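One structure is given below, encoded as structure tokens.
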Amino acid sequence: MMPIIQGQCSCGTVGFQFSAEALRAYQCHCSICRKATGSAYSTTLMASECDYVWIRGEEKVSSYSKENGYTVNFCSCCGSPVPNKFRGFPLFSIPVGSLEGVPDIEVVVQIYLGSRAKWDKDYFEGQKFEEMPAVNKMLEFLHARVQP
Ligand SMILES: [Zn+2]
Ligand SMILES: [Zn+2]
């Protein structure tokens, strides 16, 4: 039996579930994904339309498309990306960060590496923490000035 995976947006208004044999994902480093995620790249997997259902909040899903076919769906309440139909295919593109629990995801493809952000490096040599450090420490690392 295929495992059932659930996901939701940050505020929980929009929820969905799907099943898939293998959770294989791709990362896109294009400039549009950088803007859409506010980060270095998007991480996405595909699920068959027939194995996919919205659990709640489908009426709160907003959509934005570009002329080149790029489409992103997002929660109208919190702005988190949520799944969208993949172009003309019977598939849903699913943003991997929206999944609940610790599904066994394998990233198998990276695309648009030619557009990769210069600050997105393979090797990280900065400060590392398991959780959020003290705010004043963070501000110190970031050289963020709080005085007017
Ligand atoms: Zn939301
Ligand atoms: Zn992209």
Side-chain angles (χ1 to χ4, degrees), residues 1-135 138-139 141-142 144:
M1 221 183 77
M2 291 196 291
I4 291 173
I5 314 290
Q6 294 199 338
Q8 63 176 18
C9 63
S10 161
C11 75
T13 299
V14 178
F16 61 90
Q17 73 176 37
F18 66 96
S19 51
E21 294 282 358
L23 299 175
R24 310 186 95 198
Y26 73 94
Q27 290 177 334
C28 182
H29 293 254
C30 82
S31 59
I32 298 171
C33 286
R34 211 152 46 235
K35 287 194 185 299
T37 61
S39 191
Y41 49 79
S42 62
T43 307
T44 306
L45 58 78
M46 300 279 185
S48 295
E49 193 176 28
C50 57
D51 296 323
Y52 181 93
V53 287
W54 296 102
I55 300 171
R56 62 181 177 278
E58 188 180 359
E59 73 284 352
K60 291 288 187 185
V61 175
S62 293
S63 194
Y64 168 75
S65 297
K66 285 191 177 292
E67 279 179 7
N68 69 6
Y70 169 89
T71 298
V72 64
N73 281 358
F74 54 95
C75 169
S76 307
C77 301
C78 70
S80 304
V82 296
N84 68 80
K85 279 289 299 290
F86 180 62
R87 310 209 171 192
F89 296 86
L91 294 168
F92 273 87
S93 290
I94 299 179
V96 169
S98 64
L99 302 182
E100 295 294 304
V102 281
D104 201 6
I105 307 241
E106 190 185 1
V107 175
V108 294
V109 184
Q110 293 187 324
I111 61 173
Y112 281 103
L113 286 169
S115 306
R116 188 180 192 181
K118 280 213 172 66
W119 45 269
D120 176 22
K121 303 240 173 75
D122 286 322
Y123 300 104
F124 178 76
E125 292 177 345
Q127 306 283 341
K128 294 183 183 182
F129 298 90
E130 291 291 317
E131 292 178 11
M132 176 81 177
V135 173
M138 273 297 279
L139 298 180
F141 294 138
L142 301 174

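None of the values given here were measured: they were computed from a predicted structure. Numbering of ligands and ligand atoms starts at 1, following listing order. Heavy-atom basis, side chains included; hydrogens, waters and symmetry copies ignored.
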N/O/S from C77 sitting under 2.8 Å away from the Zn ion (ligand 1): no

Look at C33 and state whether any of its N, O or S atoms is less than 2.8 Å from the Zn ion (ligand 2). yes

Going from [atom1] on [X] to [atom2] on [Y], what distance comes out if it is rounded to the nearest 0.5 angstrom?
X    : Y   : atom1 : atom2 : answer
L45  : Y26 : CG    : OH    : 9.5 Å
E100 : I5  : CD    : CD1   : 11.0 Å
C33  : Y41 : SG    : OH    : 12.0 Å

To 10 degrees, how wide is the angle SG (C9) to the Zn ion (ligand 1) to SG (C78)? 110°

Angle in degrees, rounded to 10°, that SG of C11 and SG of C75 form at the Zn ion (ligand 1): 110°

Ring-ring centroid check Y52 F16, cutoff 6.0 Å: yes

